[in-house]
Asks: 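Can you read through this structure? Questions will come right after.
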Amino acid sequence: MKVLPFEIPKPGSEGLVYQEDQERVFYNQLHQHREIQLSYIVRGSGTLIVSDSINSFNSGDLFVIGSNVPHVFRSDETATEQSLMKSLFFHRDSFGPDFFELEETSELFHFFERSRTGIQILSRKEVIQRIFNSLGRATGLERLIALLQILNELNKSEYQSLSSVLQDIQLSRREGQRLRDVFNFTASHYDSQITLDQVATVANMTKTAFCKYFKKRTNKTYIQFLNEYRIEMFIRLKKMHTEASISQLAYDQGFGSISNFNKTFKRTKGVSPGTYFKEKRYMEKQRGLGP
């Protein structure tokens with residue numbers, strides 16, 4: 001099943017679709033689909049854009065992307081081994097309009113609400129990963145049972161929201177193409193000086209019209225989005241090169257000065273770079289992910 005921009009074809013009469021993406025890089029075009037997406041990153045790393053936010057993904061991560069939430073898993077293009085992502089796609093009405101309204105399934109209400117912004121799963125991951133790994137040879141009925149098991153675990157797990165925007169709007173192909181062009185341009189040029197005139201040209205709009213359009217669609221200015229992308233890329237590189245100079249990495253990501261970088265980092269993450277990495281190491285140690 002090939003994922004097309006802004007739509008997912010559903011084979012036959014299936015209400016639940018299982019998919020394995022095994023490529024050097026994942027499908028890297030911004031897209032959305034009616035189906036809710038549950039994904040397990042078996043191998044791979046990169047940047048995940050969800051609506052108005054920029055996040056990272058790494059091997060072992062679990063994500064829920066809600067219905068019609070624009071997103072893209074943009075793999076590290078320097079990857080040498082193939083990335084692998086296992087996903088389940090389903091809609092709240094896939095098994096009939098009342099299936100998830102039954103008393104037995106009604107406790108999943110909060111899961112569906114949380115999925116509207118996209119979420120990353122932080123706990124109960126080993127159990128969920130194990131279920132995903134059983135799906136490859138499972139029958140249709142076994143996959144349905146596995147979905148319910150995964151949803152049960154997700155409903156009890158700790159999580160963090162991926163976006164601040166509640167969105168259930170089907171974007172037109174034209175709008176989707178425009179945003180994809182802007183995001184792809186940003187991903188290719190974020191480490192150089194990008195002007196609003198340049199990116200407005202990419203969107204085929206005047207600067208004033210583009211600024212209004214981007215703010216309306218993402219709930220933030222383009223400069224905010226660009227700087228958040230740069231911060232996320234900085235974090236990824238700092239994790240890979242722990243001894244590298246913060247100032248040099250900041251310059252490499254397109255920040256003109258270390259003071260501007262520090263202000264932007266604190267505004268984006270709520271803490272200074274030093275505090276962020278200290279807290280991150282502590283949290284990873286608590287979860288058994290670090291030394």
Asks: Between Leu88 and Val17, is any pair of side-chain heavy atoms under 4.5 Å apart?
Replies: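 A side-chain contact is absent here, since even the closest heavy-atom pair is not under 4.5 Å.
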Asks: State, to 0.1 Å, how close Ala138 and Glu142 come at their nearest heavy-atom pair, and which atoms those are.
Replies: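 For Ala138 versus Glu142, the nearest heavy atoms are CA-OE1, 3.2 Å.
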Asks: Shortest non-hydrogen contact from Phe132 to Lys86?
Replies: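 That closest heavy-atom pairing would be CE2-O, 3.5 Å.
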Asks: Distance from Leu179 atom CG to Gln32 atom CD, nearest 0.5 Å?
Replies: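 Answer for the CG-CD pair, Leu179 versus Gln32, is 9.5 Å.
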Asks: Do any N or O atoms from the side chain of Arg124 and from the backbone of Ser157 form a donor-acceptor pair under 3.5 angstrom?
Replies: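 No, Arg124 side chain to Ser157 backbone: no donor-acceptor pair under 3.5 Å.
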Asks: How long is the gap from OG on Ser134 to CD on Gln149, to the nearest 0.5 Å?
Replies: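 Taking OG in Ser134 and CD in Gln149, the distance rounds to 7.5 Å.
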Asks: On a heavy-atom basis, which atom in Arg24 and which in Ser75 lie closest, and how many Å separate them?
Replies: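 What the structure gives for the nearest pair is O-CB, 4.4 Å.
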Asks: Okay, side chain of Ser192, backbone of His189: is any donor-acceptor separation there less than 3.5 Å?
Replies: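 Pair found, side chain donor or acceptor close to backbone of His189.
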Asks: Could you check whether any side-chain heavy atom of Ile235 comes within less than 4.5 Å of a side-chain heavy atom of Phe265, counting everything from C-beta outward?
Replies: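 When only atoms from C-beta onward are counted, Phe265 and Ile235 do touch, with a gap below 4.5 Å.
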Asks: Before giving the answer on side-chain contact (heavy atoms from CB on, under 4.5 Å), spell out for Arg92 and Ser67 the whole-Å C-alpha distance, their side-chain angles and the decisive distance to 0.1 Å.
Replies: CA-CA 9 Å; Arg92 194 164 181 168; Ser67 178; over 6 Å; no
Asks: Could you walk me through whether Phe73 and Ile41 pass side-chain contact (heavy atoms from CB on, under 4.5 Å), step by step?
Replies: CA-CA 10 Å; Phe73 287 87; Ile41 309 296; 4.0 Å; yes
Asks: Is the closest basic N to carboxylate O distance between Glu228 and Lys269 below 4.0 Å?
Replies: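 No, Glu228 and Lys269 are not salt-bridged.
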Asks: Give a yes or no on whether the ring-centroid distance for Phe57 and Phe63 is below 6.0 angstrom.
Replies: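 When the ring centroids of Phe57 and Phe63 are compared, they turn out to be at least 6.0 Å apart.
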Asks: Could you tell me if the side chain of Thr201 sits less than 4.5 Å from the side chain of Gln198, heavy atoms only?
Replies: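 They are not in side-chain contact.
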Asks: Side chains of Ser257 and Tyr251: is there a donor and an acceptor less than 3.5 Å apart?
Replies: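 No donor-acceptor contact under 3.5 Å links the two side chains.
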Asks: Between the main-chain N or O of Glu243 and the side-chain N or O of His241, is there a donor-acceptor pair closer than 3.5 Å?
Replies: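 No: the side chain of His241 does not pair with the backbone of Glu243.
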Asks: Hey, mind stepping through Phe234 and Phe255 against ring-ring contact (aromatic ring centres under 6.0 Å, His included) and telling me if it holds?
Replies: CA-CA 10 Å; Phe234 165 85; Phe255 288 100; 8.0 Å; no
Asks: Run Asn133 and Gln129 through side chain to side chain donor-acceptor pair (under 3.5 Å) and show every step you take.
Replies: CA-CA 6 Å; Asn133 286 331; Gln129 290 165 353; over 6 Å; no
Asks: Is the count of non-hydrogen atoms from other residues, nucleotides or ligands lying under 6.0 Å from Tyr222 atom OH greater than 12?
Replies: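 Yes, OH of Tyr222 has more than 12 neighbouring heavy atoms, counting only those of other groups under 6.0 Å.
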Asks: Hydrophobic clustering (ILVMFWY, side-chain heavy atoms < 4.5 Å, transitive) - are Phe109 and Phe112 grouped together?
Replies: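 Unlinked, Phe112 and Phe109 end up in two clusters.
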Asks: Can a donor-acceptor pair be found between the side chains of Gln37 and His71 at a distance below 3.5 Å?
Replies: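 Checked: Gln37/His71 side chains pair up, N/O donor to acceptor below 3.5 Å.
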Asks: Distance under 6.0 Å and angle within 45° of the ring axis: does Arg74 meet both against Phe26?
Replies: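 No.
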Asks: Among the clusters formed by ILVMFWY side chains lying less than 4.5 Å apart, do Leu102 and Leu151 turn up in the same one?
Replies: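 Result: yes, single cluster for both.
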Asks: Give, for atom CG of Leu30 and atom CZ of Arg178, the distance between the pair rounded to the nearest 0.5 Å.
Replies: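 Leu30 CG to Arg178 CZ: 13.5 Å, rounded to 0.5 Å.
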Asks: Before we go on, tell me: are the rings of Tyr18 and Phe89 under 6.0 Å apart, centre to centre?
Replies: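 No, ring centres 6.0 Å or more apart.
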Asks: Only one of Ile54, Val69, Ile65 passes side chain to side chain contact (heavy atoms under 4.5 Å, CB included) with Leu162; say which it is.
Replies: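 Going through Ile54, Val69, Ile65 one by one, the side chain to side chain contact (heavy atoms under 4.5 Å, CB included) with Leu162 is satisfied by Ile65 alone.
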Asks: Is there a donor-acceptor contact under 3.5 Å linking the side chains of Asp181 and Gln177?
Replies: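 Note: Asp181 and Gln177 side chains meet the donor-acceptor criterion.
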Asks: Just checking Gln160: does its CD atom have more than 12 heavy atoms from other residues, nucleotides or ligands closer to it than 6.0 angstrom?
Replies: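 Yes.
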Asks: Quick one: closest heavy-atom pair of Gly60 and Lys125, and the distance?
Replies: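 For Gly60 and Lys125, the tightest heavy-atom pair comes out as O-CE, 3.3 Å.
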Asks: Yes or no on side-chain contact (heavy atoms from CB on, under 4.5 Å) for Lys238 and Phe277, after CA distance, side-chain angles and deciding distance?
Replies: CA-CA 9 Å; Lys238 184 61 178 168; Phe277 285 106; 3.4 Å; yes
Asks: Taking all non-hydrogen atoms of both residues, which atom of Val64 and which atom of Ser115 are closest, and how far apart?
Replies: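 Closest pair (atom of Val64, atom of Ser115, distance): CG1-CB, 3.7 Å.
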Asks: Tell me if a side-chain donor or acceptor on Asn155 pairs with a main-chain N or O of Glu107 at a distance below 3.5 Å.
Replies: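 At least one qualifying donor-acceptor pair exists.
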Asks: For Ser247, does its backbone N or O pair with a side-chain atom of Ser245 as donor and acceptor, under 3.5 Å?
Replies: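 Answer holds: yes.
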Asks: Consider only side-chain N and O atoms of Asp61 and Ser59, and report whether a donor and an acceptor are under 3.5 Å apart.
Replies: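 The criterion, which ignores hydrogens and geometry beyond distance, is not satisfied for Ser59 and Asp61.
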Asks: Does a side-chain heavy-atom distance below 4.5 Å link Asn152 with Leu108?
Replies: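 Asn152 does not reach Leu108 side chain to side chain.
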Asks: For the pair Gln253 (side chain) and Ala250 (backbone), establish whether a donor and an acceptor sit closer than 3.5 Å, ignoring hydrogens and angles.
Replies: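 No, Gln253 side chain to Ala250 backbone: no donor-acceptor pair under 3.5 Å.
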Asks: Would you check if Ser39 and Leu62 make a side-chain contact, meaning some heavy-atom pair closer than 4.5 Å?
Replies: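 They are not in side-chain contact.
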Asks: Can you tell me if Lys207 has over 12 outside heavy atoms packed within less than 6.0 Å of its NZ?
Replies: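 No - once you tally the heavy atoms of other residues, nucleotides and ligands closer than 6.0 Å, there are 12 at most.
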Asks: Is any NZ, NE, NH1 or NH2 atom of the basic residue among Glu113 and Arg116 found under 4.0 Å from an Asp or Glu carboxylate oxygen of the other?
Replies: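 Salt bridge present between Glu113 and Arg116.
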Asks: Could you tell me whether the side chain of Thr242 and the main chain of Lys239 form a donor-acceptor pair under 3.5 Å?
Replies: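 No, because the side chain of Thr242 does not come within donor-acceptor range (under 3.5 Å) of the backbone of Lys239.
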Asks: Without hydrogens or angle criteria, can the side chains of Asn58 and Ser45 be said to hold a donor-acceptor pair below 3.5 Å?
Replies: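 Their side chains do not contain a donor-acceptor pair, so the 3.5 Å distance test is not met.
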Asks: Show, in sequence, the C-alpha distance, side-chain angles and deciding distance for Ser56 and Leu48, and conclude whether the side-chain contact (heavy atoms from CB on, under 4.5 Å) test is met.
Replies: CA-CA 5 Å; Ser56 293; Leu48 169 60; over 6 Å; no
Asks: Do Met240 and Ile246 land in one hydrophobic cluster if side-chain heavy atoms of ILVMFWY residues count as linked below 4.5 Å?
Replies: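 Hydrophobic grouping puts Met240 with Ile246.
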Asks: Tell me, do Tyr40 and Met85 make a side-chain contact under 4.5 Å, heavy atoms counted?
Replies: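 They are not in contact (no side-chain heavy atoms under 4.5 Å apart), so the answer is no.
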Asks: Side chains of Asp21 and Gln19: is there a donor and an acceptor less than 3.5 Å apart?
Replies: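 The answer is yes; a qualifying pair exists.
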Asks: Under 3.5 Å, side chain of Ser123 to main-chain N/O of Glu158, donor-acceptor pair present?
Replies: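 Side chain of Ser123 to backbone of Glu158: a pair is present.
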Asks: When the ring centroid of Phe225 is compared with that of Phe183, is the distance short of 6.0 Å?
Replies: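 Ring centroids of Phe225 and Phe183 are less than 6.0 Å from each other.
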Asks: Testing the basics here: between Ser94 and Gly15, what is the closest heavy-atom pair and its distance to 0.1 Å?
Replies: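 That would be OG-O, 2.9 Å.
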Asks: According to a hydrophobic-cluster definition based on side-chain heavy atoms being under 4.5 Å apart (Ile, Leu, Val, Met, Phe, Trp, Tyr only), do Ile145 and Ile150 belong together?
Replies: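 Result: no, two separate clusters.
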Asks: Any donor-acceptor pair under 3.5 Å linking the side chain of Thr275 with the backbone of Val271?
Replies: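 No; judged by distance alone, with no hydrogens or angles, the pair does not exist.
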Asks: Under a 4.5 Å side-chain heavy-atom rule over Ile, Leu, Val, Met, Phe, Trp and Tyr, are Leu237 and Ile258 clustered together?
Replies: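 Hydrophobic grouping puts Leu237 with Ile258.
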Asks: Salt bridge or not between Asp191 and Arg230? Use side-chain N to carboxylate O under 4.0 Å.
Replies: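 Salt bridge: no.
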Asks: Is any side-chain heavy atom of Phe214 less than 4.5 Å from a side-chain heavy atom of Thr221?
Replies: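 In short, these two side chains do not touch, never coming nearer than 4.5 Å.
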